[in-house]
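So the structure is just underneath, and the comments pick up after that.
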Amino acid sequence: MTRRAVVRGVGHYLPERLVPNHEFEDSLDTTDEWIRSRTGIERRHFVTDGQGTSDLAVRAARAALQSAELSAQDVDAIVLATSTADLTFPSAATMVQAQLGMTRGFAFDVQAVCAGFIYALANANALIVSGQANRVMVIGAESFSRIMDWTDRSTCVLFGDGAGAILIEGREGEGNSDDRGILSMDLNSDGRFRDILYVDGGVATGSIGHLRMQGKEVFRHAVEKLVSTARTAVSRIGLNEGDIDWIVPHQANLRIIKATSQRLGHSLDDVIVTVQDHGNTSAASIPLALSVGVNDGRIRKGDLVVTEAIGGGLAWGAVVLRW
Ligand code: ACO
């Protein structure tokens, strides 16, 4: 028997303020047409004053608890992926723990920018497989609108805010690729590329700063590294790309999503795409897409799902799970 981390519930939350592309046309030299054709993005949601990343995360976690038919007291740990925690500390995860009314267990944040949810899943899986926790709430939540330079048209039109969550729990499997749950993963980072995607503020500068990105450079790395990490993760369990039922990629750019899935031998029919409605929500984009794909009935029990992401660091990786 092999211990597996199996998905029991999923949920998401998007802040109410919906911002269509044309809203940027008044303040920037940009057009709805440019944004759609270069990125696939049509709209995104932004937090309003007083709304923090932890508030989004709590709403997503409650939705996941409801779909799992569990209460906060049934959860042993919260692992929250974010680069936009409300405060430098304490972690957003402990704020979520308090707001959920969870008085036992433990909670912590994981920071790997857009690859954060992949890293959070890998951590949560390790906690379950090693017996440290049996039920883990894995959340991706972001308020990237707080770190945008609103005068920089090459970045501020790309990002959005939101949160997604999945509740995973330990169950016994047979130890083969037919098991439900997390089956394999592949994690990578290369800090030599810090300058192509970063925020120019933080503890060292005394201000939170703004996101800076050399979009073309990031694009160049994205397709090659995403294809390679997805292939590696799938091959680790003796499967190949043809066995994938659903690709659930980080949602940064429709052109990246298309090129990556094509190279993995899949059309967009096999990909959950939400970038048109959410923009790039960094660590929240994969759990948001998982929640959308499950709620609309596409992702079903037994499906082989491959998630993959790349972001600042650079950090990238993939997780393969059977739903
Ligand atoms: N509206 C109109 N024109 C624009 C805009 C805009 N919003 N933004 C840029 N342009 C202009 C540029 O100034 C440039 O003009 P120029 O030729 O006169 O200099 C022209 O459009 C082309 O710009 P490029 O940067 O070459 O455009 P590109 O086709 O590469 O698309 C984009 C830019 C969308 C950013 C793309 O490079 C991309 O998606 N990169 C990857 C981003 C990504 O994957 N990020 C993931 C990680 S995010 C994270 O980790 C936080």
Side-chain angles (χ1 to χ4, degrees), residues 19-44 53 81-85 110-120 140-162 188-191 193-202 208-227 229 249-261 273-276 278-286 288-289 307-317:
V19 179
N21 289 344
H22 69 76
E23 270 201 30
F24 292 102
E25 292 174 352
D26 296 338
S27 54
L28 291 170
D29 182 12
T30 190
T31 59
D32 172 43
E33 201 282 326
W34 190 95
I35 301 169
R36 275 174 199 252
S37 61
R38 293 303 186 105
T39 71
I41 298 166
E42 298 172 19
R43 59 191 74 82
R44 76 286 290 138
T53 295
T82 189
S83 301
T84 48
V110 166
Q111 211 273 46
V113 203
C114 295
F117 191 75
I118 299 285
Y119 277 63
E142 301 281 14
S143 309
F144 262 51
S145 64
R146 302 261 189 239
I147 51 168
M148 287 298 109
D149 174 351
W150 298 109
T151 65
D152 178 8
R153 67 178 182 173
S154 69
T155 53
C156 74
V157 301
L158 304 176
F159 293 89
D161 303 336
N188 310 269
S189 66
D190 190 337
F193 298 113
R194 59 173 266 179
D195 291 340
I196 64 172
L197 181 51
Y198 66 102
V199 171
D200 61 3
I208 76 168
H210 295 123
L211 181 141
R212 306 293 173 202
M213 177 166 74
Q214 294 173 33
K216 256 197 189 347
E217 273 302 295
V218 177
F219 201 115
R220 208 171 53 76
H221 286 282
V223 177
E224 174 220 320
K225 289 183 166 53
L226 290 172
V227 170
T229 190
H250 169 49
Q251 313 278 323
N253 186 314
L254 187 58
R255 290 187 289 146
I256 294 175
I257 294 173
K258 265 188 193 155
T260 306
S261 51
V273 180
T274 55
V275 70
Q276 71 283 358
H278 302 165
N280 180 347
T281 56
S282 191
S285 89
I286 288 176
L288 268 165
T307 62
E308 30 90 342
I310 185 166
L314 292 175
W316 67 101

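Counting starts at 1 for both ligands and their atoms, in listed order.
- Within a 4.0 Å radius of atom 39 (O) of ligand 1, the protein contributes one or more non-hydrogen atoms.
- For ligand 1, one of its N or O atoms has an N or O atom of N253 under 3.5 Å away.
- Checked against a 3.5 angstrom limit, the closest N/O atoms of T30 and ligand 1 fall inside it.
- Not one N or O of L158 is nearer than 3.5 Å to an N or O of ligand 1, by distance alone.
- For atom 34 (C) of ligand 1, a protein heavy-atom neighbour is found at a distance under 4.0 Å.
- Compare W34, F159, Y198, F219 by their heavy atoms: the one nearest to atom 23 (O) of ligand 1 is in W34.
- With distances taken over non-hydrogen atoms, the option nearest atom 37 (O) of ligand 1 out of A222, A252, G215 is G215.
- For atom 10 (N) of ligand 1, the nearest protein heavy atom is under 4.0 Å away.
- Of the protein's non-hydrogen atoms, R38 NH1, 3.9 Å is the one closest to atom 22 (C) of ligand 1.
- Taking distance alone, with nitrogen or oxygen atoms compared against 3.5 Å, H250 stays at or beyond that limit from ligand 1.
- Nearest protein neighbour of atom 49 (C) of ligand 1, counting heavy atoms only, is C114 SG, 2.6 Å.
- Looking only at protein heavy atoms, the nearest one to atom 31 (O) of ligand 1 is R255 NH2, 3.5 Å.
- For the pair L28 and ligand 1, no heavy-atom separation below 4.0 Å is found.
- Per-atom contact check: atom 27 (O) of ligand 1 touches the protein, criterion being a heavy-atom distance below 4.0 Å.
- Looking at E25, its side chain does come within 3.5 Å of a backbone N or O of D32 through a donor-acceptor pair.
- Annotation: T31 places no N or O atom under 3.5 Å from an N or O atom of ligand 1; distance criterion only.
- Using a 4.0 Å cut-off between charged nitrogen and carboxylate oxygen, E33 and R36 do not count as a salt-bridge pair.
- Every residue two or more places apart in sequence or in another chain that forms a ring-ring contact (aromatic ring centres under 6.0 Å, His included) with W150 is listed here: F46.
- Remark: D149 engages R212 in a salt bridge, criterion side-chain N to carboxylate O under 4.0 Å.
- The nearest protein atom to atom 14 (C) of ligand 1, hydrogens excluded, is given as R153 NH2, 4.6 Å; this is a heavy-atom distance.
- Considering backbone and side-chain N/O atoms, F144 never comes within less than 3.5 Å of an N/O atom of ligand 1.
- Note that atom 44 (O) of ligand 1 has protein non-hydrogen atoms nearby, at separations under 4.0 angstrom.
- Among the atoms of T39, none of the N or O lies under 3.5 angstrom from an N or O of ligand 1.
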Item to check | From CA spacing to verdict: side chain to side chain contact (heavy atoms under 4.5 Å, CB included), T281, L288 | outcome: CA-CA 9 Å; T281 56; L288 268 165; 3.5 Å; yes
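- Under 3.5 Å, the side chains of T84 and E142 contain a donor-acceptor pair of N or O atoms.
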